[in-house]
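Notes to accompany the following structure.
Within every chain, numbering begins at 1; the chains are lettered A, B, ... in the order of the sequence lines, protein sequences first and strands thereafter.
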Protein chains: 2
Amino acid sequence: MDDLDWLLLGELQADARLSFSELSRRVHLSPPAVAERVRKLEESGVIGGYRAHVDPRHTGRSVVALVTMSCYGPGCVLRHPEMLDSPDIFEVHRVTGGACCVLRVAVATMEDFESLIDRLAAYGTPSSSMVLSSPVPWRPTSP
Amino acid sequence: MDDLDWLLLGELQADARLSFSELSRRVHLSPPAVAERVRKLEESGVIGGYRAHVDPRHTGRSVVALVTMSCYGPGCVLRHPEMLDSPDIFEVHRVTGGACCVLRVAVATMEDFESLIDRLAAYGTPSSSMVLSSPVPWRPTSP
DNA sequence: GTTGAAAACAATTTGGT
DNA sequence: ACCAAATTGTTTTCAAC
């Protein structure tokens with residue numbers, strides 16, 4: 001991971017669809033050199049994939065929330081992956097502190113949200129914070 | 001947004017580097033049709049960009065946390081964007097509830113984390129949950 | 001890591017249903 | 001809205017260095 005790798009990572013984080021040729025122009029390296037560096041970044045796991053980013057709010061999922069689950073023991077939602085296998089749940093993070101995990105969820109309506117919370121409540125105590133806006137929706141990893 | 005659009009979104013969320021030709025094969029549509037549909041998805045904002053996903057933990061940032069900031073009034077961190085302009089802060093979400101915002105942060109060491117918390121404490125009261133693991137690190141948006 | 005050439009591939013335009 | 005065909009251009013991938 002030298003400066004050149006970070007340059008490539010920066011470009012690909014900003015636009016994952018850049019061709020090796022275009023990348024080679026931007027970082028002033030030959031296309032084969034770029035291809036091999038990117039391949040190594042992929043194989044080493046630094047690049048975990050290339051994704052089109054879809055804003056849930058642009059697809060009818062206008063209710064976004066962070067749901068903190070307090071549930072320990074055998075009933076904990078983390079021990080029931082089928083519950084977490086919902087298209088409404090976009091991220092699950094196990095955390096330290098008074099809660100066991102934090103979920104990022106996005107649904108179309110408050111009614112859907114209520115129903116999701118009801119389902120989650122079977123495993124523990126959900127505590128919800130509605131996301132009003134995201135001043136920093138995302139930032140690239142940099143050195 | 002019909003079924004075909006969702007099919008395309010699914011493919012591009014799984015692999016943003018697919019060519020229009022390859023996409024056209026997968027969804028059984030001609031390349032020009034795919035190109036125009038994707039262009040429309042981009043222009044309408046449904047596709048917000050294409051990003052290489054870099055796992056911070058693979059780049060030395062092994063300390064990941066969710067930091068909840070309690071700070072209201074003129075001193076609130078949300079009114080000081082320069083504070084949020086840090087390479088250690090990857091997401092900022094304004095939320096309802098007892099807190100004003102939630103930050104996803106990733107740093108190399110606990111020492112770095114301590115220093116970040118110290119800086120944040122100038123604006124309000126940070127409450128940190130360390131991310132132990134992410135059972136669902138990410139899920140694509142689907143209908 | 002570079003260069004240059006060959007082969008493969010992809011994007012776009014056109015004309016049409 | 002879509003397809004097919006052809007053109008044009010680009011990208012990738014060899015090889016040799």
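Between B:Asp2 and B:Arg37, at least one side-chain nitrogen of the basic residue sits less than 4.0 Å from a carboxylate oxygen of the acidic one, meeting the salt-bridge criterion. Look at A:Glu22 and A:Arg25 and you find a salt bridge, because one of the NZ, NE, NH1 or NH2 atoms lies within 4.0 Å of a carboxylate O, short of that distance. Between A:Asp88 and A:Arg61 there is a salt bridge, since at least one side-chain N of the basic residue sits less than 4.0 Å from a carboxylate O of the acidic one. Using a 4.0 Å cut-off between charged nitrogen and carboxylate oxygen, B:Asp5 and B:Lys40 do not count as a salt-bridge pair.
Cluster membership for B:Leu66 and B:Met110, using ILVMFWY side-chain heavy atoms within less than 4.5 angstrom, is not shared. B:Val64 and B:Phe90 are assigned to two separate hydrophobic clusters, defined by single-linkage of ILVMFWY side chains at heavy-atom distances under 4.5 Å.
For the contact set between residues 42-49 of chain B and DNA chain D, defined by any heavy atom under 4.0 Å, there are no members.
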Output field dot_bracket for DNA chain D (Watson-Crick or G-U, both distances under 3.5 Å, | for other-strand pairs) contains |||||||||||.|||||
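Remark: A:Arg17 is positioned above the aromatic ring of B:Tyr50, its terminal NZ or CZ atom under 6.0 angstrom from the ring centre and at most 45 degrees off the axis.
Here B:Arg39 lies out of heavy-atom contact (under 4.0 Å) with every strand.
The closest side-chain heavy-atom distance from B:Val67 to B:Leu116 is not below 4.5 Å. Counting heavy atoms from C-beta outward, A:Glu114 and A:Val63 have side chains that stay 4.5 Å or more apart.
In this structure, B:Arg37 does not reach the D:dA1 phosphate: none of its side-chain N or O atoms is under 4.0 Å from OP1 or OP2.
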From CA spacing to verdict: side-chain hydrogen bond (donor to acceptor under 3.5 Å, both in side chains), B:Thr109, B:Asp112
CA-CA 5 Å; B:Thr109 65; B:Asp112 293 337; 3.3 Å; yes
Letter by letter from the 5' end, nucleotides 9-17 of chain C scores (B base, S sugar-phosphate only, - none; protein heavy atoms under 4.0 Å) -SS-B----
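For A:Glu36 and D:dT13, the CD to C1' distance is 13 Å, given to the nearest whole Å.
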